Amino acid sequence: MPDLSLTFLGAAGTVTGSKYLLQFGRANYLIDCGLFQGADDIEQRDRQPFYIDPRKITAVVLSHAHIDHSGYLPKLVKDGFRGKVYATQATRDLVQIMLPDSGKLQEEQAFYANKKGYSAHRPAVPLYTARDAERALRSIRAVRPNEPIEIGDHISVTMRRAGHILGSSILEFSIALGRRRATIAFSGDLGRYDRVFMKPPEPIAAADYLVVESTYGNRAHPATSVEEQLANVVNRVAERKGVLLMPAFAVGRTQRMLYHLRRLQDTGRIPEIPVYVDSPMASDVSDVYCRHSEEHELSVDLLKDPERCPLHAHRLRFVRAVEESKKLNDMPGPMIIIAASGMCEGGRIVHHLKHRLPDPATTVLFVGYQAEGTRGRKIATGAKEVRIHGQWVPLRASVETIHGISAHADWQDTLQWLSNFTAPPRLTFITHGEPDAREGLAQHIAERFNWKVETPGYKSVFPLEI
Ligand SMILES: [Zn+2]
């Protein structure tokens, strides 16, 4: 019987760099292919040679489009991977926008580092370029949800809705050889049961081995209404004619914030001040979100109508051209600027922060998770100054955070999803969480289900039984 094993090449004690290597005999399957993000020593992992020769990887399966799950793919292809990549149609549509953008961002960061001479490794070289990303896209095959698809000898995968972002999937692998079989399920990033925006995760009833995420494994999302918190901040900004900077992931979070702003405007709870989505990517992604209505809780008819679309706030402008983005610098408030990246590590938000953080009329509003070591985390936790493009920028703006707005299950959602299992998995691996969160979820699972759990470390290998 060929050996079966699982190796954790990312999201093990961190929330980024999701990559799991499932080895069966001589075949190597990579589940997710994410970039590491955050502290320099973590990001450096992407620059080290890959764990195995990429040419020996049989296939890659993506749970969803977020860069910490898909962003390493161009590097893998650049380094010799020639197999197929499986993903849902919506994930494919999203990575077509996101991966070239990620390549462009890498090129820009290297360019800035070289121009200002602050690169730690000189000259700075992009991990991959937009062109590398375009090339990687050609390997992607769209898979229909809920139908098993053969990805190699004796192995198939079924994708089921995870409800986290558009196209996100729970992955169920089934290996069958003669009478022996094993199923290995990956939760991917798991969505919520709040039914605000996305449909909830689909249940699965059994798996021999389970890999479950734990981003919010030790936290419960507060019941305080997100819209109430948002309305308070927007009203304060509008009164003082200030500028609201909202760093937001271009994929999922921007669309959800537009949805909340639209509802607040429609019900007169906030004034209709101009809203700029300063991100070509978020603009393109918004189109994809309106096209794939199958995963939303929203009305299909409304999504098709640009005027009435619930994902378009009133007085909304999608800013694509760089010139128009620069003009925003000279414009007075009140206004709202939504821009990526969500953790302020790159993208146009960085330019807005550099320009407006010293101004007390600015409010920075965090609407998403800020990983340890990121610029966003520093701003959100009260830094007096932050380093941007090699310069120290003083922070005189107000900083606010909306709690409870998350595309991730909290521990109660996760337990609700796990309660669909009719028998305990032989072993449950807890990943994709910082150490406290992961321990928190381990404890909740032990208390509620008494399952056997593991908290794997980076590069740890586990033999699986078949
Ligand atoms: Zn995600």
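Quick caveat: nothing in here was measured; it's all calculated off a predicted structure. All residue numbers refer to positions in the sequence shown, counting from 1. Note that ligands are numbered from 1 as they come in the structure, with each ligand's atoms numbered from 1 the same way.
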Here the N/O/S atom of His66 closest to the Zn ion (ligand 1) would be ND1
Within 2.8 Å of the Zn ion (ligand 1), is there any N, O or S atom belonging to His64? yes
Hey, are Lys199 and Glu295 close enough for a salt bridge, meaning a charged N less than 4.0 Å from a carboxylate O? no
So for atom CZ, which belongs to Arg131, do other residues, nucleotides or ligands contribute more than 12 heavy atoms lying within a distance under 6.0 Å? no
For the Zn ion (ligand 1), the closest N/O/S atom belonging to Asp189: OD2
Heavy atoms of other groups near Lys104 NZ, more than 12 under 6.0 Å: no
Is the Zn ion (ligand 1) less than 2.8 Å from an N/O/S atom of His69, whether that atom is in the backbone or a side chain? no
Can a salt bridge be assigned to the pair Glu372 and Arg377 using a cut-off of 4.0 Å between side-chain N and carboxylate O? yes
